[in-house]
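Here's the structure, in structure tokens; my notes come after.
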Amino acid sequence: MTDQAVAPRRLTPDELRTLFLFESLTEEQLEWLSNAGYVEEVHGGTVFNEGDEATCCYVLLSGELRLCKLSHGELVEINRTSQRGVYAGAFNAFFGAAETKAYTATMQVTKPSEFFVVSAETMATMMNTWFPMAVHLIEGFVMGMRRTNETLGERERLLALGSLSAGLTHELNNPAAAAVRAAATLRQRVSGMRSKLAMLADGTLDATKLHQIVALQDDAVERLEKNKDKDVPPMELSDREDTLTDWLDDHDVHASWDVAPVLAAAGLDVPWMENVLAAVGPKYLEGAVRWLMYTIDTESLMNEIDDSVTRISTLVGAAKQYSQIDRAPYQTVDLRELLKSTLVMMSGKLQGYEVVKDFDPELPAIPAYAAELNQVWTNIIDNAVSAMGGSGTLTLRTRRDGGYAVVEIGDTGPGIPDEIRRRIFEPFFTTKPIGEGTGLGLDISWRIVVKKHHGDLRVESEPGRTVFKIVLPLDPERELESDPALLA
């Protein structure tokens, strides 16, 4: 005696016509579909998983289904329904694009349910044979949207890059101009020092006094170094200058108004000037004072040049970190350094805003596409600045949450209304005036975080407080092994 396979139950053409998806088909089409599909009973659990190969299209006959998407390692319900005729699965199998070959969500049943099932191959054949024009129109629409998305996405990146380049150019110009001015002034001061050196060393000043002047010169430079970071109140500094001006006038030093501010800024006072007088005598006091002034001035100018060049080097380093020049696209990165480089690149836009950085020093480095994460920070910070409208507080915070790194970017703007918050990650959705935004910044950010890094991007908002939370796995490989659906 041999076992015989039980033939699957099928729906009659009249039964198929009761489903809104097939109600307009002809008798011949319904007959064909009746033979091509079959009824499947599911008593509970998961029917298919997000990311699995999409092999079938399911049409609900009875029962209840729920659709879920994977977010931050957890299934999040996006729809639950018992409406007869709703469909899920490989309903877009007639598209030629490779990304349509996988299930886009997980489907589960909450109670015993029945489905009319059509294979992906059958769905593709049916649509391309019966509705070729509709298929071409839909594919054209989808491809057009994809091209538009890609084109505007590139434009969004170029606009952001142009804005950042303009800001960086401005930031580089300031220290570069300061260095040029300081170098020109330094040349004048060195020239003056040469003439005063000749006067001091004309043979009439004995070696002992010359050594004393050199010692005073070293002491003046040391005092300048100690005082350069001190914040002296303007009134106190003005009093010092007045006192030194009076002393210099009493000792017949010409243009005391030009000399006194330089000496006062270095922390020199009247008792110190008395030591100079004692060292060189009244005859050489004018030359010695000028010599010391040039010494202090040249030291200050060299400090200014050093600060300017350091600033330029810092900006170039930040630009290199931001763009990830000469670095592998996928690498282990410190999120704090990425955030800092982005802030430097956007410093021109952040003028007038208070920036608060609360970075967890224990947060480990993570494998990531660094340049693309920088784009995420840029898009979110740019939106925050736009929302605050000229003033406010931008807060950047990093922390660890179990196996995830969390980056929070918050602003003190008016908040995002509920009806808008539900749509902010949709492509082309923007609240900015026409021509000012493409509506792709947050969509691009979402795809970078969720699709490329298998993380999560969410927002919390109320008037005066909006926080975008970026969640990234510390170990993406382990995340993929524990959740195969993330491989999709």
Side-chain angles (χ1 to χ4, degrees), residues 1-69 75 77-143 145 485 488:
M1 184 174 179
T2 58
D3 293 334
Q4 291 185 350
V6 178
R9 183 163 73 88
R10 304 189 184 278
L11 295 184
T12 66
D14 288 339
E15 289 174 317
L16 284 173
R17 195 183 295 280
T18 63
L19 301 171
F20 66 83
L21 195 61
F22 310 126
E23 61 186 3
S24 298
L25 297 182
T26 67
E27 288 295 334
E28 183 182 354
Q29 291 169 336
L30 288 171
E31 187 70 36
W32 183 90
L33 188 58
S34 173
N35 293 323
Y38 59 92
V39 176
E40 180 177 321
E41 295 182 2
V42 182
H43 296 286
T46 300
V47 181
F48 55 77
N49 285 305
E50 179 182 356
D52 289 349
E53 183 183 357
T55 58
C56 296
C57 177
Y58 294 81
V59 182
L60 183 65
L61 299 176
S62 65
E64 184 179 66
L65 64 81
R66 66 192 291 256
L67 290 176
C68 304
K69 294 283 287 184
L75 284 177
E77 183 175 306
I78 58 174
N79 193 17
R80 180 188 292 251
T81 181
S82 57
Q83 181 184 353
R84 189 171 186 273
V86 297
Y87 53 92
F91 58 85
N92 55 0
F94 57 90
F95 285 164
E99 59 265 31
T100 64
K101 306 305 181 184
Y103 291 118
T104 58
T106 295
M107 187 174 83
Q108 300 173 337
V109 294
T110 58
K111 57 186 178 183
S113 304
E114 276 191 334
F115 294 91
F116 177 67
V117 183
V118 180
S119 69
E121 292 80 5
T122 299
M123 177 66 72
T125 300
M126 178 181 72
M127 292 295 293
N128 283 286
T129 302
W130 296 348
F131 313 108
M133 181 176 176
V135 169
H136 290 313
L137 287 172
I138 294 172
E139 280 194 317
F141 173 76
V142 171
M143 292 300 295
M145 288 291 289

query: Can you tell me how far the CD atom of Gln108 sits from the CZ atom of Arg66, to the nearest 0.5 Å?
result: 5.0 Å
query: Closest approach of Glu50 and Cys68, non-hydrogen atoms and distance?
result: OE1-O, 4.3 Å
message: How close do Met123 and Ala90 get, counting heavy atoms only, and between which atoms?
response: CG-O, 3.8 Å
Minimum side-chain heavy-atom gap Glu15-Leu61 below 4.5 Å: no
- prompt: So how far is it from Leu30 CG to Leu25 CG, rounded to the nearest 0.5 Å?
  reply: 5.0 Å
- prompt: What closest approach, in Å, do Ala36 and Thr122 show between heavy atoms, and which atom pair accounts for it?
  reply: CB-CG2, 3.6 Å
query: Do Leu16 and Leu33 touch side chain to side chain, with heavy atoms closer than 4.5 Å?
result: yes
- prompt: Would you say the side-chain atoms of Thr125 pair up with the backbone N or O of Glu121, donor to acceptor, closer than 3.5 Å?
  reply: yes
- line: All heavy atoms of Tyr103 vs all of Cys56, minimum pair found to be OH-N, 3.1 Å
field: Heavy-atom side-chain contact between Gln29 and Phe22 under 4.5 Å
entry: no
- prompt: Which word best sums up how the rings of Phe20 and Tyr87 line up, parallel for under 30°, tilted for 30 to 60°, or perpendicular for over 60°?
  reply: tilted
Qualifying residue, where the test is side-chain contact (heavy atoms from CB on, under 4.5 Å) with Thr46 and the options are Asp52, Thr106, Val109: Thr106
task: Find out whether Val42 and Tyr58 are in side-chain contact, i.e. whether some heavy atom of one side chain is under 4.5 Å from a heavy atom of the other.
output: no
field: Atom of Leu60, atom of Ser62 and distance for their closest heavy-atom approach
entry: CD1-O, 3.2 Å
query: Side chains of Thr26 and Trp32: closer than 4.5 Å at any heavy-atom pair?
result: no
query: So Ser113 and Leu65, side chain to side chain contact (heavy atoms under 4.5 Å, CB included) or not? Walk me through it.
result: CA-CA 8 Å; Ser113 304; Leu65 64 81; over 6 Å; no
field: Minimal non-hydrogen separation, Ser34 against Arg10, with atom names
entry: O-CD, 3.4 Å
Side-chain ion pair, Glu27 and Arg17, N-O less than 4.0 Å: yes
